[in-house]
Amino acid sequence: MAGIKQPILDIVNQIKTIPFANNAGASPNLYSAIFNNQIERMKAGEEYNYSLPAAFVEAIPQKTGGEIGFGSWGYDVIFRIHAVMNQPDAGDGTLDQNLTIYDLRDALQESLVHFQPTGCSLMQCDDERFDTDHDSVCVYQFDLITHFIETSGSKYPTEQSTPPTNLVINSGFALIEILHVSYTGGDLIMLFNLVDEPQNVVLNLDSNQWTFAAATGENTFTQSVSLSSGNYSITATGEVNDFTTPAFEFTI
């Protein structure tokens, strides 16, 4: 059953695979978690310490869809990404002109656009907004939209038992099989087996061709023909089942 929790965690874990440079000059993978207003609480000194840059994931279901059957729902979900970083004032305008936040935004979009969380379609870009009143801590929000099929409330019967279906594969199964060929006293004699329904069979021997009726089961075909010493190849084709045997080689 697919509920909304797993897609959120999929996105959080995807963000955790993105390396990005921090203020110490290293490039660890981004910190990520479900959004819980961590940024404002960090500024107020009420939040636990977490490493920056970071990105938090907020799910905003758009319940304008409807039930698609058996208690399952199909609707759009906006996943709002809260990208945050700290850029101290170096006295060169970096505090009031944080351009690195756009690099963080681009890295996140590169990883998340067309990412497909559990139960969702490929995520696509939607709205986005920039923090125009920031100090050293700068936030960039952008939205990704996807269609989600929620089956956590499904009433579809999944515990009904059914008899197992056994698949039997017959390797080398032939509708017509040439069993033996001989040439005696000017007569060509072929013993073959027809597995399919009674039908006409076309026999091809080099430039010679004969058509005759055959019954289901073993058949014997006899034909007077003049053949010189040498190697020969013969095939049989059913006119109804359109099955041709592999070439049967024999020598006179």
Side-chain angles (χ1 to χ4, degrees), residues 2-64 73 75-120 122-148 150 152-153:
I4 193 64
K5 178 179 78 173
Q6 191 56 52
I8 299 173
L9 293 177
D10 289 347
I11 299 171
V12 167
N13 291 329
Q14 178 71 1
I15 291 173
K16 288 181 178 179
T17 68
I18 304 172
F20 197 84
N22 59 21
N23 291 333
S27 295
N29 289 354
L30 290 175
Y31 176 81
S32 185
I34 296 174
F35 179 69
N36 189 33
N37 204 27
Q38 290 94 334
I39 302 163
E40 292 303 318
R41 291 195 288 121
M42 179 189 67
K43 290 181 177 181
E46 301 171 354
E47 181 60 81
Y48 60 89
N49 291 326
Y50 53 83
S51 60
L52 293 177
F56 301 99
V57 180
E58 178 184 2
I60 308 172
Q62 309 293 295
K63 284 288 185 91
T64 56
W73 279 72
Y75 55 90
D76 289 345
V77 178
I78 292 174
F79 289 105
R80 181 160 295 164
I81 309 302
H82 300 258
V84 56
M85 65 174 295
N86 181 24
Q87 187 173 76
D89 186 6
D92 57 2
T94 55
L95 178 61
D96 286 330
Q97 186 174 268
N98 187 337
L99 299 179
T100 309
I101 190 69
Y102 291 103
D103 296 329
L104 177 58
R105 173 256 194 200
D106 292 347
L108 285 161
Q109 289 211 352
E110 182 178 356
S111 180
L112 295 178
V113 172
H114 280 195
F115 177 69
Q116 187 170 17
T118 300
C120 298
L122 299 177
M123 296 200 299
Q124 301 179 33
C125 290
D126 200 48
D127 197 12
E128 55 187 295
R129 58 208 60 82
F130 181 66
D131 186 352
T132 58
D133 186 18
H134 64 84
D135 47 22
S136 63
V137 177
C138 187
V139 182
Y140 199 107
Q141 294 179 354
F142 68 90
D143 297 344
L144 297 161
I145 190 166
T146 180
H147 192 74
F148 175 54
E150 183 170 8
S152 56

* Asked: Please walk me through it: do Asp143 and Arg129 pass salt bridge (charged side-chain N to carboxylate O under 4.0 Å, His left out)?
  -> CA-CA 9 Å; Asp143 297 344; Arg129 58 208 60 82; 3.2 Å; yes
* Could you walk me through whether Tyr75 and Lys63 pass the side-chain contact (heavy atoms from CB on, under 4.5 Å) test, one step at a time? => CA-CA 6 Å; Tyr75 55 90; Lys63 284 288 185 91; 3.3 Å; yes
* **side-chain contact (heavy atoms from CB on, under 4.5 Å) assessment of Cys125 paired with Gln109** => CA-CA 8 Å; Cys125 290; Gln109 289 211 352; 3.6 Å; yes
* **Pair Ile11-Leu112, side-chain contact (heavy atoms from CB on, under 4.5 Å): steps then yes or no** => CA-CA 8 Å; Ile11 299 171; Leu112 295 178; 4.1 Å; yes
* To do: Could you give me the CA-CA distance, side-chain angles and deciding distance for Glu58 and Ile8, then say whether side-chain contact (heavy atoms from CB on, under 4.5 Å) is met?
  => CA-CA 8 Å; Glu58 178 184 2; Ile8 299 173; over 6 Å; no
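Asp131 approaches Val139 most closely through the heavy-atom pair CB-O, 2.9 Å. The two residues Ile101 and Asn98 make their nearest non-hydrogen contact at N-OD1, 3.1 Å. In terms of heavy atoms, Gly3 sits closest to Pro7 at O-CD, 3.0 Å. Residues His134 and Cys138 share a closest heavy-atom pair of CD2-SG, 3.8 Å. What you find for Gly119 and Phe148 is that their closest heavy atoms are O-CD1, 3.3 Å.
If you look at Phe79 and Phe142, their ring centroids are not closer than 6.0 Å.
How far CD1 of Ile145 is from CG of Leu122: 13.5 Å, rounded to the nearest 0.5 Å. Taking CG of Leu108 as the start and CG of Leu144 as the end, the distance is 9.0 Å to the nearest 0.5 Å. Atoms OG and CE, on Ser51 and Met85 in that order, are 12.5 Å from each other to the nearest 0.5 Å.
A 4.5 Å side-chain heavy-atom check between Ile39 and Asn37 finds every atom pair outside the cut-off. No side-chain heavy atom of Met123 sits less than 4.5 Å from a side-chain heavy atom of Gln116. Looking at heavy atoms from C-beta onward, Leu104 lies in side-chain contact with Leu30 at the 4.5 angstrom threshold. Looking only at side-chain heavy atoms (C-beta outward), Leu52 and Asn22 stay at 4.5 Å or farther from each other. Using a 4.5 Å cut-off on side-chain heavy atoms (C-beta onward), Phe56 and Val84 make contact.
Between Arg80 and Asp127, none of the side-chain N atoms (NZ, or NE/NH1/NH2) sits under 4.0 Å from a carboxylate O, so this pair counts as no salt bridge. Salt-bridge formation is not detected for the pair Arg105/Asp103: no Lys NZ or Arg NE/NH1/NH2 atom is positioned less than 4.0 Å from an Asp or Glu carboxylate oxygen.
Side-chain atoms of Thr146 never come within 3.5 Å of backbone atoms of Val77 as a donor-acceptor pair (strictly under, hydrogens ignored). For the pair Gln14 (side chain) and Val12 (backbone), a donor-acceptor distance under 3.5 Å is absent. Side chain of Gln38 to backbone of Met42: no donor-acceptor contact under 3.5 angstrom is found. Side chain of Asn29 to backbone of Lys16: a donor-acceptor contact under 3.5 angstrom is found. For Asp10 (side chain) and Thr118 (main-chain N/O), a donor-acceptor pair under 3.5 Å exists by modelled atom type.
Remark: Ser27 pairs with no residue by the side-chain hydrogen bond (donor to acceptor under 3.5 Å, both in side chains) rule, at least two apart or across chains. Annotation: ring-ring contact (aromatic ring centres under 6.0 Å, His included) contacts of Phe130 (sequence neighbours excluded): Tyr102, Tyr140.
Donor-acceptor pairing under 3.5 Å is recorded for the side chains of Gln87 and Thr100.
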